[in-house]
Amino acid sequence: MGRDVPALTFTREDRRQYRFKMQQCLDALAQMLRESRFEAERPQVGLEIELNLVDDRAEPAMRNTDALEAIADPAWDTELGRFNLEINIAPRRLTEGGPDAWESEIRSALNHAEQRARSIGTHLIMTGILPTLRHEDVGEGALSENPRYRLLNDQIFAARGEDLHIEVTGVDRLRTYADTITPEAACTSTQFHLQVDPEDFAAYWNAAQAIAGVQVALAANSPFLFGKELWHETRIPLFEQATDTRPEEIKVQGVRPRVWFGERWITSVFDLFEENLRYFPALLPLCDDQDPAETLLRGDIPDLGELTLHNGTIYRWNRPVYAVSRDKPHVRIENRVLPAGPTVADTLANGAFYYGLTRGLVEEERPAWSRMSFSAAEDNLRTAARYGIDARLYWPGMGEVPAAELVLRRLLPLAHRGLELSGMDDAWREPLLGIIEQRCVTGRNGAVWQKEMFHHIDATAHCGRHEALRRMTQQYIDYMHLNAPVHTWPVE
């Protein structure tokens, strides 16, 4: 959904033509997979980080257009809300440049953007949900200016036919309605990309699905929404509900949601794109002029524009991506389960754990997903989102165990093994995975710190809930810039 689209309305003929082009794209993809036309020699990894904009008081700042102009870097782009920005870090080989190269690149980009944003009175914060965000901050006026967001908003509500219902019960209970999709903008994430050989795609995707709950338990960082204390990773249920095109009657009929974990282990990347066409009507039926069959026939690589646009409106927690780079097609997994933040150090630790663990699981003689039901993996994600690092998760051969115990006893050694197989030596691995280990030992991640700090301020300052959240957020920003892992952050 990253490409720009015009502001327009769609006809029945648009939808008929789009369906036809989608099938053409799917047929072309099947042919390319049969003929092994994909880039597989130099697999790369990538990273996207969504951030919030705040003012000097840590309140949301609706100024992403001004901030983008000040930053003046094509790596940065708007997101759904006027208080959001996104940075795309250039793809790279996992071990390219040495142990500190990726961290230096990311910190340099973020520090430059913060310096430029500060010149217009705004600041950047990496967090799953901005704690100071109020319900009135996500009305229609908070929608970013790019026409693609307005068009997507209109199409979702045209399909739904009624206001969105958002309900999450944690420590507090949130129950509200929205007449735009802008509450989705409250969800800011870290997205890890992993390019793989198409022959290995199914194994890596299944591995990513199997560990999604573990990832969220370790990295939860979204305990507050609209002033209420909800799940440790409230971003998960909020995103599911804020982009739901189904009224209640359609849900009961078993129609799949647009934010989707999936329903089965797969055998090919083709399975996922085929499901997209089979289960999901088009939200943005925009056709381009390229004929994918003719393009293949003359020896060129098709863009598969309709397939990729449609795929961008289906929000799988592990999304397949088809792309063409340097005239060569590739497929990759976009891992979307993690919140942004708290620090670059935490982000890279999360990435090392994800990349290492998926590789370690794929290399096992008997894969975990062959011994685990798909529904158990989905249940793990929901449990982890609710309870964070205190969650009890299912794992084959261990049963239901505390998330921290599962990681320390079983998964962390696998992550080390996977990174070792990827060419990362022990001196490089230890600092990254050591952060994951210490989160498990201390039982502390971003969500835990936010909750503890909020309650400490609330109990000692007696300043009111929103003011306590605001002060907590200001302290969060200070620690974020120090780049010390969140498990070391004090509460004082």
Side-chain angles (χ1 to χ4, degrees), residues 128 190 192 194 204 206-223 231-233 236 317-318 335-339 341-343 345-364 366-369 371-372 376-422 424 426 428-449 451 485-489:
T190 299
F192 290 108
L194 175 61
Y204 276 95
N206 289 342
Q209 292 286 96
I211 67 169
V214 179
Q215 287 182 275
V216 169
L218 290 175
N221 194 31
S222 312
W231 291 13
H232 283 239
E233 191 50 36
I236 298 290
W317 291 114
N318 283 292
N335 179 248
R336 302 168 52 84
V337 298
L338 292 180
T343 66
D346 287 299
T347 298
L348 291 179
N350 293 337
F353 183 72
Y354 168 69
Y355 292 129
L357 184 53
T358 51
R359 176 72 182 268
L361 288 171
V362 166
E363 297 291 339
E364 282 195 308
R366 190 179 175 198
W369 54 92
R371 299 175 285 132
M372 179 182 189
E378 184 173 15
D379 289 344
N380 277 352
L381 176 62
R382 187 151 295 272
T383 301
R386 183 158 196 159
Y387 299 107
I389 205 163
D390 295 326
R392 294 180 62 87
L393 305 177
Y394 173 81
W395 195 258
M398 297 183 70
E400 188 178 284
V401 292
E405 180 183 342
L406 170 60
V407 172
L408 292 172
R409 286 178 49 194
R410 180 78 181 95
L411 302 185
L412 203 55
L414 267 177
H416 272 285
R417 174 62 177 156
L419 291 178
E420 183 181 25
L421 290 170
S422 300
M424 194 177 289
D426 186 67
W428 190 344
R429 297 193 311 269
E430 280 293 345
L432 292 168
L433 294 183
I435 292 174
I436 301 297
E437 180 181 20
Q438 286 305 305
R439 272 193 226 152
C440 294
V441 170
T442 61
R444 302 182 60 75
N445 59 16
V448 171
W449 183 87
K451 289 158 72 76
V486 71
H487 71 267
T488 68
W489 290 11

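Along the sequence shown, residues carry numbers from 1. Note that the structure is a prediction, hence the values are computed from the model and not measured.
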Original post:
Hey, are the side chains of Ser222 and Trp231 touching, using non-hydrogen atoms and a 4.5 Å cut-off?
Top reply: no
Original post:
Taking everything shown except Tyr355 itself, do over 12 heavy atoms lie less than 6.0 Å from its OH?
Top reply: yes
Original post:
Looking at Ala391 and Thr383, what are the two nearest heavy atoms and their distance?
Top reply: CB-O, 3.8 Å
Original post:
Does any non-hydrogen side-chain atom of Leu411 lie less than 4.5 Å from one of Trp395?
Top reply: yes
Original post:
Looking at CG of Leu433 and CG of Asn350, how far apart are the two atoms once the value is rounded to the nearest 0.5 Å?
Top reply: 10.5 Å
**OP:** Show your reasoning for whether side chain to side chain contact (heavy atoms under 4.5 Å, CB included) applies to Phe192 and Arg336.
**Re:** CA-CA 7 Å; Phe192 290 108; Arg336 302 168 52 84; over 6 Å; no
Original post:
Is Arg410 salt-bridged to Glu364, going by a charged N under 4.0 Å from an acidic O?
Top reply: yes
Original post:
Going from CG on Asn335 to CD on Gln215, what distance comes out if it is rounded to the nearest 0.5 angstrom?
Top reply: 4.0 Å
**OP:** Find the distance between OG1 (Thr358) and CG (Leu361) and round it off to the nearest 0.5 Å.
**Re:** 7.5 Å
**OP:** Check Leu406 against Leu393 and note the closest heavy-atom contact, atom names and distance.
**Re:** CD2-CB, 4.4 Å
Original post:
What residue among Leu218, Val486, Asp346, Leu348 forms side chain to side chain contact (heavy atoms under 4.5 Å, CB included) with Ile435?
Top reply: Asp346
**OP:** Could you tell me whether the side chain of Val216 reaches within less than 4.5 Å of the side chain of Tyr387, counting heavy atoms only?
**Re:** no
Subject >> Smallest separation among heavy atoms of Ala377 and Gln209, with atom names >> reply: CB-O, 3.9 Å
**OP:** Side-chain contact test, heavy atoms from C-beta onward, threshold under 4.5 Å: evaluate it for Arg386 versus Glu233 and give yes or no.
**Re:** no
**OP:** Check step by step if side chain to side chain contact (heavy atoms under 4.5 Å, CB included) holds for His232 and Lys451.
**Re:** CA-CA 9 Å; His232 283 239; Lys451 289 158 72 76; 3.7 Å; yes
**OP:** Supply the atom-to-atom distance Asn445 CG to Asp390 CG, rounded to the nearest 0.5 angstrom.
**Re:** 8.5 Å
Original post:
Can you name the closest pair of heavy atoms from Tyr354 and Ile211 and give their distance?
Top reply: CD1-CD1, 4.0 Å
Original post:
For the side chain of Asn380 and the backbone of Tyr394, is there at least one donor-acceptor N/O pair under 3.5 Å apart?
Top reply: yes
Subject >> side chain to side chain contact (heavy atoms under 4.5 Å, CB included) assessment of Gln438 paired with Arg444 >> reply: CA-CA 8 Å; Gln438 286 305 305; Arg444 302 182 60 75; over 6 Å; no
**OP:** Tell me, yes or no, whether the heavy-atom count around Arg371 atom CZ, taken from other residues, nucleotides or ligands under 6.0 Å, exceeds 12.
**Re:** yes
**OP:** State, to 0.1 Å, how close Ala403 and Ile389 come at their nearest heavy-atom pair, and which atoms those are.
**Re:** CB-O, 4.2 Å
Original post:
Does the pair Leu432 and Phe353 meet the rule for a side chain to side chain contact (heavy atoms under 4.5 Å, CB included), with working shown?
Top reply: CA-CA 8 Å; Leu432 292 168; Phe353 183 72; over 6 Å; no
**OP:** Taking all heavy atoms of Pro413 and all of Val407, pick out the closest pair and write down the distance.
**Re:** CD-O, 4.0 Å
Subject >> Approximate separation, where rounding is to 0.5 Å, of His487 NE2 and Ile436 CD1 >> reply: 10.0 Å
Original post:
If we only count heavy atoms from C-beta on, is the Pro367 to Asn206 side-chain gap below 4.5 Å?
Top reply: no
Original post:
Would Arg382 and Glu378 count as a salt bridge (Lys or Arg N to Asp or Glu O under 4.0 Å) if you check the C-alpha gap in whole Å, the side-chain angles of each, and the deciding distance to 0.1 Å?
Top reply: CA-CA 7 Å; Arg382 187 151 295 272; Glu378 184 173 15; over 6 Å; no
Original post:
In Å and rounded to the nearest 0.5 Å, what is the CZ to SG distance from Arg409 to Cys440?
Top reply: 13.0 Å
Original post:
Does the side chain of Leu419 come within less than 4.5 Å of Arg359's, by heavy atoms?
Top reply: no
